[in-house]
Every structure is written in structure tokens, then in C-alpha cells.
Amino acid sequence: MQIIKNQSGQDVAFIRNNIIFTYNENVIGIKIGDCCFGNSTSVTGKIINGFIYTVEGVIIGQCQQFVAPNERFATKDQLVKAWEILSGINDHVCPWIIVTGK
């Protein structure tokens, strides 16, 4: 599992089994390789060296590995939502991202 932190260092989301969740366990996206997809059919971000960047190269978060002692599997509803996102992706090629440092 990976924890996603915002710019203030607060935990805002997590990635479990390539599904991106809020802390309320709502599915907000999926991860394919290092590319992150949301409800849109295009890449919304990419993980590079532990940071999540927009396609414009702006840092929007940081990923940290975390070992959860009692990690659960996704529920059926969560898997259905993740599958809806995945099945809507027509082009899973991740664009080259130039890191801006912002």
C-alpha cells in the first residue's frame, strides 16, 4: 500500500492494489504502471521518484510505502468503480512529463 500526502504532509489518499482511494474508502482513480487516471479517460498524473506530478509537471502529492497490518481487499462496489474507470481508458500511453519543481 502507498500513502499519498499533500503539500502540507497530511495523508489525503492511498493506493491499494492499484486502486486510488480517499480515506473514506471512495475510489477516485487507478494506477497503471506509474500513471494515475481519475474519472477522465486520460492521464491525470504520474509518479516519479515518489512524487505525484500533473501532466504539466507540477507536484500534487508524495507517495510513501506503508505496510498496513490488517490490509483489506477492495469491496465489490469499489472494484466495480475501479473497473468503470479502467474500461473508460482508451489511451493508456503516459505522456513525457517535464518536472517543473513547483
Report task. Look at the side chain of Thr22 and the backbone N and O of Ala13, then say whether any donor-acceptor pair between them is shorter than 3.5 Å. Result -> no
Query raised in the report: Checking Asn6 side chain against Ser8 main chain: does a donor-acceptor pair fall under 3.5 Å?
Result: yes
Query raised in the report: Which pairs with one or both residues in residues 14-30 pass salt bridge (charged side-chain N to carboxylate O under 4.0 Å, His left out), sequence neighbours excluded?
Result: Arg16-Glu25, Glu25-Arg72
Nearest 0.5 Å, what's the [atom1]-[atom2] distance between [X] and [Y]?
{"X": "Ile3", "Y": "Gln62", "atom1": "CD1", "atom2": "CD", "answer": "12.0 Å"}
{"X": "Ile97", "Y": "Lys46", "atom1": "CD1", "atom2": "NZ", "answer": "5.5 Å"}
{"X": "Gln64", "Y": "Phe51", "atom1": "CD", "atom2": "CZ", "answer": "9.0 Å"}

Query raised in the report: Hey, mind stepping through Ile30 and Asn18 against side-chain contact (heavy atoms from CB on, under 4.5 Å) and telling me if it holds?
Result: CA-CA 6 Å; Ile30 61 169; Asn18 292 343; 5.8 Å; no
Work out which heavy atom in [X] is nearest to a heavy atom in [Y]; give both atom names and the distance.
{"X": "Ile47", "Y": "Lys31", "value": "CD1-CD, 3.7 Å"}
{"X": "Val12", "Y": "Tyr23", "value": "C-CD1, 3.5 Å"}
{"X": "Ile85", "Y": "Gly38", "value": "CG2-O, 3.1 Å"}

Query - Contacts of type side chain to side chain donor-acceptor pair (under 3.5 Å), residue Asp34, not counting sequence neighbours - result: none
[Y] reachable from [X] in the ILVMFWY side-chain graph, under 4.5 Å edges:
{"X": "Leu79", "Y": "Phe14", "result": "yes"}
{"X": "Met1", "Y": "Ile20", "result": "no"}
{"X": "Trp83", "Y": "Ile32", "result": "yes"}

Query raised in the report: How about Phe21 and Val27: do any of their side-chain heavy atoms sit closer than 4.5 Å?
Result: yes
Query raised in the report: Asn39 versus Ile28: any side-chain heavy-atom pair under 4.5 Å?
Result: no
Report task. Please assess Val58 against Tyr53 for the test side-chain contact (heavy atoms from CB on, under 4.5 Å), listing each intermediate value before the final yes or no. Result -> CA-CA 5 Å; Val58 178; Tyr53 292 89; over 6 Å; no
Query raised in the report: Would Thr54 and Ile59 satisfy side-chain contact (heavy atoms from CB on, under 4.5 Å), going step by step from the backbone distance to the final call?
Result: CA-CA 7 Å; Thr54 64; Ile59 297 174; over 6 Å; no
Report task. With Ile60 as reference, evaluate Ile52, Ile4, Thr44 under the side-chain contact (heavy atoms from CB on, under 4.5 Å) test and give the passing residue. Result -> Ile52
